[in-house]
Amino acid sequence: MKFFDCSAIERKIGYVFHNKALLKQAFTRASYCNEMRQAGKDIQSNEVLEFCGDSVLAGAIITLLMERYSKMADFGIITELGEGDFSNIKSRLSDKSMLSARIKELGLYEYLLLNKGDEKMNIAAQPSVMEDLFESIIGALYFDCGKDMKIVTEVIDRMLDIDRYFERTAKPNQRSSKNLLQEWCQARSLERPIYEVVAEFGPEHEKHYRVLCKIEGKDFAVGEGKNKKSAESDAAQKTYLSLLNK
């Protein structure tokens, strides 16, 4: 039987499973499952976990988008983007190309359990198979953490590397938080916002930044991110939404 390295996978996704059998099931393709059953091994494929993970992933992405682009006010939720924008971003973050690319970058497809025929054809590297794997990992995670969506959302944020996604794929017609804030200031004859790094923490290979947004010497919101640009964007977004709410 193929050796399955739980620890290596857990390091890549940033989560340690309580039930290692769930993690192994997430990587078990139906072809391998059938082969093992013929050999007298009673195991389950990842198909049900994939089904669950698809819906859980959608909910987590919506949560991440709302955290990034909305704020609760006395009169309801203020959002920086419209329904169409949210729908388009959600679709891109959960489509086959995105999920398969992240599985490939993380090297997780190498741990898939396949039958000998699929291994010879390198089925593991097919985009649709890697997409299925991403969803089945999320399904396994959902059940392992007791359906705690906070934990699930944090892991998905890391696995998708959403900050990097937004840095690379900003739409031309979608103004950034920094641009929106700058336009707000210009319309009121105020100076441009200034972004000041107030803290850096974490190891060199995994730095985290905290940035303060200031307008005409007045401190506004503090943003955080994996790099200065994303921290500035977070600070700008929080500042812009707080000004709209006044």
Side-chain angles (χ1 to χ4, degrees), residues 11-15 57 59-73 77-82 85-86 88-94 98-99 101-102 105-106 148-188 190-246:
R11 285 194 298 271
K12 289 175 182 289
I13 67 176
Y15 174 83
L57 176 62
I61 289 174
I62 290 169
T63 298
L64 289 166
L65 291 179
M66 294 303 287
E67 286 176 352
R68 180 181 287 262
Y69 291 116
S70 73
K71 181 179 180 180
M72 186 64 73
I77 295 176
I78 303 171
T79 59
E80 184 178 325
L81 302 178
D85 290 318
F86 281 122
N88 289 336
I89 296 171
K90 173 182 167 291
S91 294
R92 291 200 302 273
L93 283 171
S94 59
M98 179 66 171
L99 300 185
R102 289 300 296 146
E105 287 177 25
L106 292 167
D148 186 332
M149 282 302 294
K150 184 175 185 299
I151 293 174
V152 173
T153 302
E154 288 172 354
V155 174
I156 288 174
D157 192 2
R158 288 194 297 272
M159 286 184 69
L160 287 178
D161 198 358
I162 287 180
D163 283 341
R164 186 180 64 162
Y165 167 81
F166 280 109
E167 289 169 12
R168 290 181 172 183
T169 60
K171 297 187 300 181
N173 63 341
Q174 181 180 308
R175 292 171 295 168
S176 69
S177 298
K178 291 177 72 174
N179 287 339
L180 286 168
L181 181 58
Q182 185 172 322
E183 290 172 10
W184 188 93
C185 291
Q186 288 174 343
R188 291 157 181 79
L190 300 174
E191 294 178 2
R192 301 177 55 156
I194 293 174
Y195 300 93
E196 178 184 326
V197 177
V198 293
E200 298 179 23
F201 44 95
E204 282 301 322
H205 67 284
E206 211 171 275
K207 277 281 187 183
H208 203 80
Y209 294 85
R210 188 170 290 147
V211 168
L212 170 66
C213 178
K214 304 175 78 170
I215 301 175
E216 296 200 328
K218 182 179 178 181
D219 294 350
F220 279 86
V222 173
E224 295 190 9
K226 297 177 182 176
N227 51 53
K228 292 177 184 178
K229 186 175 180 180
S230 61
E232 288 176 0
S233 179
D234 186 40
Q237 178 197 349
K238 291 174 179 175
T239 298
Y240 180 68
L241 291 175
S242 69
L243 292 169
L244 288 181
N245 197 28
K246 285 186 175 180

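We count residues from 1, following the sequence as given. Basis for what follows: all heavy atoms, side chains included, without hydrogens, waters or symmetry-related copies.
Using a 4.5 Å cut-off on side-chain heavy atoms (C-beta onward), Q182 and Y240 make no contact. Residues L243 and F220 have side chains in contact (heavy-atom distance under 4.5 Å, counting atoms from C-beta outward). At a threshold of 4.5 Å between non-hydrogen side-chain atoms, the residues F86 and T79 count as touching. Between L65 and K90 there is a side-chain heavy-atom pair separated by less than 4.5 Å. Side-chain atoms of I215 and I194, non-hydrogen and from C-beta on, never get closer than 4.5 Å to each other. Taking 4.5 Å as the limit, every side-chain heavy atom of T63 sits out of range of all side-chain heavy atoms of M66. Side-chain contact between I89 and L93: present, with at least one pair of heavy atoms (C-beta onward) separated by less than 4.5 Å.
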Task: Full working for side chain to side chain donor-acceptor pair (under 3.5 Å) between S230 and N227 - done: CA-CA 6 Å; S230 61; N227 51 53; 3.0 Å; yes
Open item on the list: Assess the residue pair K150 and E154 against the criterion (salt bridge (Lys or Arg N to Asp or Glu O under 4.0 Å)); give the C-alpha distance rounded to whole Å, side-chain angles, the decisive distance to 0.1 Å, and a yes or no.
Closed with: CA-CA 6 Å; K150 184 175 185 299; E154 288 172 354; 2.7 Å; yes
- [ ] Output, in order, the C-alpha distance, side-chain angles, deciding distance and verdict of side chain to side chain contact (heavy atoms under 4.5 Å, CB included) for V198 and V211.
- [x] CA-CA 6 Å; V198 293; V211 168; 6.0 Å; no
Task: From CA spacing to verdict: side chain to side chain contact (heavy atoms under 4.5 Å, CB included), M98, L160 - done: CA-CA 8 Å; M98 179 66 171; L160 287 178; 4.2 Å; yes
Open item on the list: Quick one, L181 with C213, criterion side chain to side chain contact (heavy atoms under 4.5 Å, CB included). Give me CA distance, side-chain angles, the key distance, then yes/no.
Closed with: CA-CA 10 Å; L181 181 58; C213 178; 3.7 Å; yes
- [ ] For W184 and L190, run side chain to side chain contact (heavy atoms under 4.5 Å, CB included): C-alpha distance rounded to whole Å, both residues' side-chain angles, the deciding distance at 0.1 Å, then the answer.
- [x] CA-CA 9 Å; W184 188 93; L190 300 174; 3.7 Å; yes
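Each salt bridge (Lys or Arg N to Asp or Glu O under 4.0 Å) pair with one or both residues in residues 235-244, not counting sequence neighbours, appears once here: D234-K238.
With sequence neighbours excluded, no residue forms a salt bridge (Lys or Arg N to Asp or Glu O under 4.0 Å) with K12. Legend: residues meeting salt bridge (Lys or Arg N to Asp or Glu O under 4.0 Å) with K228, ordered by chain and number and at least two apart, are absent. With sequence neighbours excluded, no residue forms a salt bridge (Lys or Arg N to Asp or Glu O under 4.0 Å) with E191. The ring pair (Phe, Tyr, Trp, His ring centres under 6.0 Å) search around Y209 returns none, not counting sequence neighbours. Every residue two or more places apart in sequence or in another chain that forms a side chain to side chain donor-acceptor pair (under 3.5 Å) with D161 is listed here: R164.
With values rounded to the nearest 0.5 angstrom, D157 atom CG is found 10.5 Å from I61 atom CD1. Between the CD1 atom in I78 and the OG atom in S70 there is a gap of 9.0 Å [rounded to 0.5 Å]. In this structure, the separation between CD1 on I13 and CZ on R158 is 8.5 Å, given to the nearest 0.5 Å. Taken to the nearest 0.5 Å, the OG1 atom of T239 stands 12.0 Å off from the CG atom of L180. Atom CG of L212 sits about 4.5 Å away from atom CG of D219, to the nearest 0.5 Å.
In this structure, K178 forms a cation-pi arrangement with Y195, its terminal cationic atom sitting closer than 6.0 Å to the ring centre and no more than 45° off the ring axis.
Between E232 and K229, no side-chain nitrogen of the basic residue sits less than 4.0 Å from a carboxylate oxygen of the acidic one, so the salt-bridge criterion is not met.
Taking every heavy atom of both residues into account, L99 and S94 meet most closely at CD1-O, 3.6 Å. Between P193 and C185, the shortest heavy-atom contact is CG-SG, 3.9 Å.
When each of R210, K207, H208 is checked for a side chain to side chain contact (heavy atoms under 4.5 Å, CB included) with E200, only K207 meets the rule.
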